[in-house]
Amino acid sequence: PIAEDGKTAAHGDAYGQTLRCLEIIKAAIEEAGGKIEDVIRTRVYLSDINRWKECSQAHGEIFGEIKPASTMVEVSHLLKSEWLVEIEADCIVQE
């Protein structure tokens, strides 16, 4: 959940950090010539699984109609202690 200034986005807010991660993913996909609808799978890593509802809400706002396969897991910690969530996305971009 890295903000444009390089700092952590939405400090302490799992919903906000999830949205920021998804913004980064969307931008990367678009840069590669695809669109968010090309996502076929996501993996959401949470440092506190009790925050899953906040993350699910943000994930659903972006992927509610697309419905990619999705996994959500708790990890002991992420790279920075203030990061609450990290997301991986797989997509297939048609030429």
Side-chain angles (χ1 to χ4, degrees):
I2 303 169
E4 292 199 22
D5 65 2
K7 297 180 181 176
T8 298
H11 192 78
D13 177 8
Y15 170 83
Q17 287 191 11
T18 301
L19 283 180
R20 179 60 187 146
C21 288
L22 295 172
E23 288 172 0
I24 293 167
I25 288 167
K26 183 176 184 282
I29 292 168
E30 289 174 352
E31 186 176 319
K35 53 191 181 303
I36 198 72
E37 291 82 7
D38 295 326
V39 173
I40 60 166
R41 178 181 171 98
T42 62
R43 287 170 212 82
V44 181
Y45 301 98
L46 297 169
S47 60
D48 178 0
I49 199 67
N50 294 313
R51 311 290 297 265
W52 74 269
K53 288 183 183 180
E54 298 163 75
C55 295
S56 291
Q57 179 184 355
H59 190 277
E61 289 174 11
I62 304 302
F63 293 116
E65 296 293 319
I66 303 164
K67 297 186 181 7
S70 184
T71 302
M72 187 176 288
V73 297
E74 182 177 39
V75 295
S76 61
H77 58 274
L78 296 166
L79 182 63
K80 293 189 175 187
S81 61
E82 66 266 18
W83 291 2
L84 304 174
V85 61
E86 187 169 321
I87 303 173
E88 294 179 352
D90 298 330
C91 67
I92 297 174
V93 177
Q94 300 294 324
E95 289 189 39

What residue pairs, at least two apart or across chains, pass salt bridge (Lys or Arg N to Asp or Glu O under 4.0 Å) with a residue in residues 57-68?
-> none
Apply side chain to side chain donor-acceptor pair (under 3.5 Å) to Ser47 and list each qualifying residue two or more places apart in sequence or on a separate chain.
-> none
Return all side-chain donor-acceptor pairs below 3.5 angstrom for residues 16-29, not counting sequence neighbours, or 'none' if the list is empty.
{"unit_1": "Gln17", "atom_1": "OE1", "unit_2": "Leu84", "atom_2": "N", "d": "2.7"}
{"unit_1": "Gln17", "atom_1": "NE2", "unit_2": "Ala9", "atom_2": "O", "d": "3.4"}
{"unit_1": "Gln17", "atom_1": "NE2", "unit_2": "Ala10", "atom_2": "O", "d": "3.4"}
{"unit_1": "Gln17", "atom_1": "NE2", "unit_2": "Glu82", "atom_2": "O", "d": "3.1"}
{"unit_1": "Thr18", "atom_1": "OG1", "unit_2": "Ala14", "atom_2": "O", "d": "2.7"}
{"unit_1": "Arg20", "atom_1": "NE", "unit_2": "Ile2", "atom_2": "O", "d": "2.8"}
{"unit_1": "Arg20", "atom_1": "NH1", "unit_2": "Glu23", "atom_2": "OE1", "d": "3.1"}
{"unit_1": "Arg20", "atom_1": "NH2", "unit_2": "Ile2", "atom_2": "O", "d": "3.1"}
{"unit_1": "Lys26", "atom_1": "NZ", "unit_2": "Glu30", "atom_2": "OE2", "d": "2.7"}

hydrophobic_cluster_shared for Val39 and Ile62, side chain cutoff 4.5 Å | yes
Who else is in Val93's hydrophobic cluster (ILVMFWY, side-chain heavy atoms under 4.5 Å, direct or via others)?
-> none
With sequence neighbours excluded, residues passing ring pair (Phe, Tyr, Trp, His ring centres under 6.0 Å) with Tyr15 = none
Name all pairs fulfilling the salt bridge (Lys or Arg N to Asp or Glu O under 4.0 Å) condition that reach into residues 1-15, sequence neighbours left out, sorted by first residue then second.
-> none
Check side chain to side chain donor-acceptor pair (under 3.5 Å) between Ser56 and all other residues, then give those that pass, not counting sequence neighbours.
-> none
Could you list the residues that satisfy side chain to side chain contact (heavy atoms under 4.5 Å, CB included) with Leu79, not counting sequence neighbours?
-> Trp83
Sequence neighbours excluded - ring pair (Phe, Tyr, Trp, His ring centres under 6.0 Å) pairs with any residue from residues 30-69 = His59-Phe63
Any idea which heavy atoms bring Ile36 and Ile66 closest together, and the distance?
-> O-CD1, 3.8 Å
Could you list all the salt bridge (Lys or Arg N to Asp or Glu O under 4.0 Å) pairs where at least one residue sits in residues 38-52, not counting sequence neighbours?
-> Lys35-Asp38, Arg43-Glu88, Arg43-Asp90, Arg51-Glu54
Same apolar cluster (I L V M F W Y, side chains within < 4.5 Å links), Val75/Ile87 = no
